Amino acid sequence: MKVLKLKILAAVAALAFFQAGAGAQVRKIQNRPYLDDRVWHYGFLIGLNFQDLCIENRGLPHIQDGAAEYWFADVPEYTPGFSVGILGEMKANDWLSVRLIPTMHFGDKKVVFLEQNTGRRNEMYLKSTYLSVPLDLKITPRRFNNYRPYIVTGLAPAIDLTVKKRKEILVKPADCMFEIGMGLDLYYPFFKMIPELKFCFGLNDIYESVRNDLTDRSLLKYSNSIDGITSRMIVLTLYFE
């Protein structure tokens, strides 16, 4: 969580830098000056995602051969994944737009289980292919020269198309994420490129605690150690219009 807070602060500082730089520059010839007058905008996106899980551990013992075992789970590091999608944007007024962004996020997460008394550990990987359909509000100030910073927020219903059973952790496929981020419209002579950094926070508990799918019952000690899971994701995107 500390790393996430630092990234948010860094992004806020970057936006402040862009805005401060705008006030110090002189006016230049604008590329594609009438592009933002259109009501509808279309484009595509490619990007990187870093998927995470916020795991709530139960802290209850599992009795194994007469001894109590205390297992705790965490995602210790981010693994980069790939994102691709399309953009549809409707202009509401000069400073507000509505965006619909069907996107596929490909990635995985390494979950580490650690036994408190002995230090034994078990690692597993959860691969995810999210089909996400964010509905976002884009808030922008006035364009200056050939760039225009903005902030964005919204909700993103999502479904994981690659949920696998018979593993230590089973998650529910359906989720909904709250999104917040910022980006920068960059105007070039023949196209517009938009780098964007967005943070996504799952709103639902996606942990499936009923494990009738397990044929290897020894895995229950890992499954029973968890009380709940919510998803998180950082997405670094390049849009092209």
Side-chain angles (χ1 to χ4, degrees), residues 1 3-22 32 35-52 54 78 80-107 130-159 175-188 191-204 230-241:
M1 192 63 184
V3 174
L4 188 60
K5 289 180 179 179
L6 288 174
K7 290 180 180 290
I8 293 175
L9 291 175
V12 172
L15 181 61
F17 172 79
F18 286 129
Q19 290 179 325
R32 304 177 65 83
L35 181 64
D36 292 333
D37 292 338
R38 296 183 303 180
V39 176
W40 294 97
H41 298 259
Y42 303 97
F44 67 95
L45 68 94
I46 56 173
L48 295 175
N49 69 75
F50 300 88
Q51 300 180 13
D52 190 14
C54 183
Y78 291 126
F82 179 69
S83 301
V84 62
I86 56 177
L87 167 68
E89 182 176 317
M90 184 186 72
K91 175 182 176 181
N93 53 44
D94 289 339
W95 57 273
L96 182 65
S97 300
V98 180
R99 303 164 112 195
L100 187 66
I101 319 169
T103 308
M104 298 284 289
H105 300 288
F106 305 89
Y130 288 112
L131 173 59
S132 175
V133 188
L135 183 63
D136 292 340
L137 292 178
K138 177 182 176 183
I139 305 170
T140 60
R142 186 173 300 176
R143 172 179 173 176
F144 186 87
N145 289 338
N146 289 310
Y147 61 85
R148 189 179 188 185
Y150 66 86
I151 59 174
V152 63
T153 185
L155 293 176
I159 185 168
D175 197 4
C176 185
M177 297 184 180
F178 169 72
E179 300 186 331
I180 187 167
M182 57 185 60
L184 186 68
D185 292 345
L186 298 173
Y187 299 83
Y188 293 96
F191 64 94
K192 181 168 75 170
M193 184 176 71
I194 311 169
E196 180 184 274
L197 178 65
K198 188 156 58 177
F199 301 90
C200 310
F201 304 91
L203 301 177
N204 301 328
T230 53
S231 59
R232 296 185 296 197
M233 185 163 51
I234 301 172
V235 186
L236 179 61
T237 308
L238 282 179
Y239 297 89
F240 296 90
E241 292 185 18

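Hydrogens, waters and symmetry mates are skipped; everything else that's a heavy atom, side chains included, is used. Each residue takes its place number in the sequence, starting with 1. This is a predicted model, so every value here is computed, not measured.
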**OP:** Would you please test R38 and D36 for side chain to side chain contact (heavy atoms under 4.5 Å, CB included) and show each step?
**Re:** CA-CA 5 Å; R38 296 183 303 180; D36 292 333; over 6 Å; no
Original post:
Of the non-hydrogen atoms in F50 and P80, which two are nearest, and what is the gap between them?
Top reply: CE2-CB, 3.6 Å
**OP:** Report the residues that fulfil ring pair (Phe, Tyr, Trp, His ring centres under 6.0 Å) with F240, sequence neighbours left out, ordered by chain and then residue number.
**Re:** F44
Subject >> Test log, rule side chain to side chain donor-acceptor pair (under 3.5 Å), inputs E196 and Y150 >> reply: CA-CA 9 Å; E196 180 184 274; Y150 66 86; 2.7 Å; yes
**OP:** Identify the two heavy atoms, one from P149 and one from P141, that lie closest to each other, and give their separation to 0.1 Å.
**Re:** O-CD, 2.8 Å
Original post:
Who pairs with L100 by side chain to side chain contact (heavy atoms under 4.5 Å, CB included), at least two apart in sequence or on another chain?
Top reply: P102, V133, L135
Subject >> Under the side chain to side chain donor-acceptor pair (under 3.5 Å) test, residues paired with Y130 that sit two or more places apart >> reply: none
Original post:
How close do C200 and V235 get, heavy atom to heavy atom, and via which atoms?
Top reply: SG-CG2, 4.2 Å
**OP:** Report yes if the side chains of L238 and L45 come closer than 4.5 Å at any heavy-atom pair, otherwise no.
**Re:** no
Subject >> Heavy-atom pair with the smallest gap, counting every atom of I101 and T103 >> reply: O-OG1, 2.8 Å
Subject >> Contacts of Y188 that satisfy ring pair (Phe, Tyr, Trp, His ring centres under 6.0 Å) - sequence neighbours left out >> reply: F191
**OP:** To the nearest 0.5 angstrom, please state how far the OG1 atom of T153 sits from the CE atom of M182.
**Re:** 11.0 Å
**OP:** Measure the CD1-CD1 distance between I180 and I151 for me, rounded to the nearest 0.5 Å.
**Re:** 7.0 Å
Subject >> Salt-bridge criterion met for E179 and R232 (N-O under 4.0 Å) >> reply: no
**OP:** Kindly compute the distance separating OG (S97) from CG (D136), expressed to the nearest 0.5 Å.
**Re:** 11.5 Å
**OP:** Take M233 and D52 through the test side chain to side chain contact (heavy atoms under 4.5 Å, CB included) and record every step on the way to the result.
**Re:** CA-CA 6 Å; M233 185 163 51; D52 190 14; over 6 Å; no
Subject >> From L197 atom CG to L184 atom CG, the distance as rounded to the nearest 0.5 Å >> reply: 12.5 Å
**OP:** Name all residues meeting the side chain to side chain donor-acceptor pair (under 3.5 Å) criterion together with S83; count only those two or more places apart in sequence or in a different chain, and write none if there are none.
**Re:** N49, H105
Subject >> For D94, side chain to side chain contact (heavy atoms under 4.5 Å, CB included) partners two or more places apart >> reply: K91
**OP:** Carefully, step by step, assess L155 and L203 under the rule side chain to side chain contact (heavy atoms under 4.5 Å, CB included).
**Re:** CA-CA 10 Å; L155 293 176; L203 301 177; 4.0 Å; yes
Subject >> Residues in salt bridge (charged side-chain N to carboxylate O under 4.0 Å, His left out) contact with E241, at least two apart in sequence or another chain >> reply: K192
Original post:
Which residues satisfy the side chain to side chain donor-acceptor pair (under 3.5 Å) test with R143, sequence neighbours excluded?
Top reply: N146
Original post:
Say you draw a straight line from CG of N93 to OG1 of T140; how long is it, rounded to the nearest 0.5 Å?
Top reply: 8.0 Å
Original post:
Do T237 and L48 pass the side chain to side chain contact (heavy atoms under 4.5 Å, CB included) test, and can you show the C-alpha distance, the side-chain angles, and the key distance before you say yes or no?
Top reply: CA-CA 6 Å; T237 308; L48 295 175; over 6 Å; no
Original post:
Considering residues at least two apart in sequence or located in another chain, which fulfil the side chain to side chain donor-acceptor pair (under 3.5 Å) criterion with K138?
Top reply: D185
Subject >> Exercise: identify the closest heavy-atom pair between R148 and Y187 >> reply: CD-OH, 3.8 Å
**OP:** Measure the OH-CD1 distance between Y42 and I86 for me, rounded to the nearest 0.5 Å.
**Re:** 10.5 Å
